[in-house]
Structure formats: structure tokens, C-alpha cells
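Written out below as C-alpha cells is the structure these notes cover.
Within every chain, numbering begins at 1; the chains are lettered A, B, ... in the order of the sequence lines, protein sequences first and strands thereafter.
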Amino acid sequence: MPPVRRSARVNEFAKKATRSCKSGESHTTTALSNDAKIYGYWLMKAEPESRIVKGKDVKFSIDDLYEMKDSTSCWDGVRNYEARNIMRDKMKIGDKVLFYHSNCKTPGIAGTATVVREAYPDYTAFDPEHPYYDPKSKADVPKWFMVDVKFESKFSNIIPLSALKGYQELKDMVLIKRGRLSVQPVKAGEYDFILKLGNK
DNA sequence: GCCAACGTTGGC
DNA sequence: GCCAACGTTGGC
């Protein structure tokens with residue numbers, strides 16, 4: 001299962017589900033005072049090109065985010081522990097997110113978003129019909145979590161991964177050193193540098 | 001708790 | 001569509 005969020009279309013019925021999902025704030029954030037402030041910047045990957053999983057299209061691009069109601073979406077479908085832990089334990093309202101397009105013709109950073117809701121259970125894991133169903137995650141003991149993000153900006157031109165790799169300033173980016181992590185920390189300096197590239 | 005086998009990610 | 005890198009699973 002890809003550790004990226006799934007489609008906007010599937011998201012519509014998922015949203016209905018969330019209203020009846022009582023477990024929204026059930027997890028507690030604890031013992032984070034030492035490192036919670038280290039990162040306020042993240043990078044999250046989504047697949048902007050169509051890919052069918054269990055009969056449903058899991059594509060989700062920066063444009064798809066923009067087109068959501070309030071330009072806001074849950075970031076479901078992450079099925080990797082490290083990425084989950086970041087969402088569950090670290091991401092806070094107001095944090096900045098680089099929106100990355102992966103597994104596509106031109107992989108790269110497409111724009112920015114902000115965190116508008118902190119971690120709550122990824123209920124898509126509970127639905128056997130859903131592309132990201134996980135029978136090991138139960139509503140009373142959720143295994144997977146997600147946050148909500150809101151569109152902030154679309155770069156005039158996507159910054160391709162190939163270009164990012166060329167900058168000395170970005171040589172230590174998690175994106176470059178650890179290609180497969182789908183939710184990852186970004187340093188403030190990296191974020192600022194990328195914003196300037198994106199707005200050129 | 002090691003680690004081989006397996007499955008997925010994601011650039012190319 | 002290939003396949004290297006790497007995360008997860010499960011036998012022992």
C-alpha cells in the first residue's frame with residue numbers, strides 16, 4: 001500500500017464518515033515539549049497521476065487539494081510507521097507543508113499547504129471497500145492517523161526533484177537522502193530556500 | 001530478536 | 001515497465 005494520501009473523489013464519502021466518527025480527538029499528545037518545536041516544516045507526498053487501487057483512483061495533486069471544499073483535505077492513506085508518527089506526534093496546526101508530487105512524469109514540489117487539524121484516526125483503514133483498508137486497524141484501537149491540510153500556494157512552476165538535487169543548500173534534505181519516506185521533516189532554511197525557488 | 005523472504009516505493 | 005532501495009513480515 002502506498003504511504004500517500006488517496007484521491008479527492010474517494011475523500012468525499014470519507015468526509016461523510018468522519019462526521020459520525022466519534023474518535024476524532026481520542027489520542028493524546030504527551031511528552032513532546034522537548035522536541036515539538038524543532039520542526040514546523042514538513043514535506044508530504046501525493047500521487048498526482050491516476051492510479052487505480054481496488055477500483056478507485058488514488059490520484060491527488062496540488063490542484064485537487066485546491067478544489068476541495070475550503071481547499072482542505074484529510075491526508076489519509078499513510079501506511080508507514082515513521083510517517084504516521086510524524087503526523088500523530090509532531091504536526092501542529094499552523095505548520096507549513098511542502099506538497100510533493102511523486103510517482104509521476106515530473107516528480108517535484110508543486111506548492112505549499114498548512115496544517116489545519118492535528119492528528120486523528122485515519123478511518124479509511126476501517127472500510128473494507130476502501131483502497132487503504134487495513135484490517136489490523138480497528139476503530140477502538142486505531143493504527144493509522146492523519147492530519148488535515150489546507151492549500152496555501154501553487155508554485156508557478158513545479159520544482160523538479162532533479163533540480164532540487166542540484167542545490168548545495170538542499171543536499172541534506174530528507175527527500176534526497178531517504179527517498180521513500182512519504183511524510184518527512186524539512187529544515188526552516190530548506191523551506192525558505194524552496195519557497196524562493198517556487199516563487200521565481 | 002534475528003534476518004531471509006517478500007512486498008512496495010518511486011525515480012528513471 | 002524495470003528494478004534498486006528499503007520497509008515489513010513471520011519463521012525460527
Any side-chain N or O of [X] under 4.0 Å from OP1/OP2 of [N]?
X: A:Arg178; N: C:dG7; result: yes
X: A:Asn80; N: C:dT8; result: yes
X: A:Tyr132; N: B:dT8; result: no
X: A:Lys165; N: B:dC12; result: yes

When the distance from [atom1] of [X] to [atom2] of [N] is rounded to whole Å, what number comes out?
X: A:Glu82; N: B:dT8; atom1: CD; atom2: C1'; answer: 16 Å
X: A:Leu175; N: B:dG10; atom1: CG; atom2: C1'; answer: 11 Å
X: A:Leu164; N: B:dC12; atom1: CG; atom2: P; answer: 11 Å
X: A:Arg51; N: B:dG11; atom1: CZ; atom2: C1'; answer: 14 Å
X: A:Arg84; N: C:dG7; atom1: CZ; atom2: C1'; answer: 14 Å
X: A:Glu49; N: B:dG10; atom1: CD; atom2: P; answer: 14 Å
X: A:Arg79; N: B:dG10; atom1: CZ; atom2: P; answer: 14 Å
X: A:Lys45; N: C:dC6; atom1: NZ; atom2: C1'; answer: 12 Å

Please tell me whether A:Phe126 and A:Trp144 form a close aromatic pair, meaning their ring centres lie under 6.0 Å apart. no

Centroid-to-centroid, A:Tyr167 to A:Phe193, below 6.0 Å? yes

5' priority, DNA chain C, between A:Lys143 and A:Lys177 [closest heavy atom]: A:Lys177

Side chain of A:Tyr81 (C-beta onward), nearest among C:dA5, C:dT8, B:dG11: C:dT8

Among the candidates C:dG7, C:dC6, C:dG10, find the nucleotide nearest to the side-chain atoms of A:Lys136. C:dG10

Are A:Asp148 and A:Thr72 close enough that a side-chain donor and a side-chain acceptor fall under 3.5 Å? no

Could you tell me if the side chain of A:Leu175 sits less than 4.5 Å from the side chain of A:Leu161, heavy atoms only? yes

Measuring only between side-chain heavy atoms, which start at C-beta, is A:Phe99 closer than 4.5 Å to A:Ile109? no

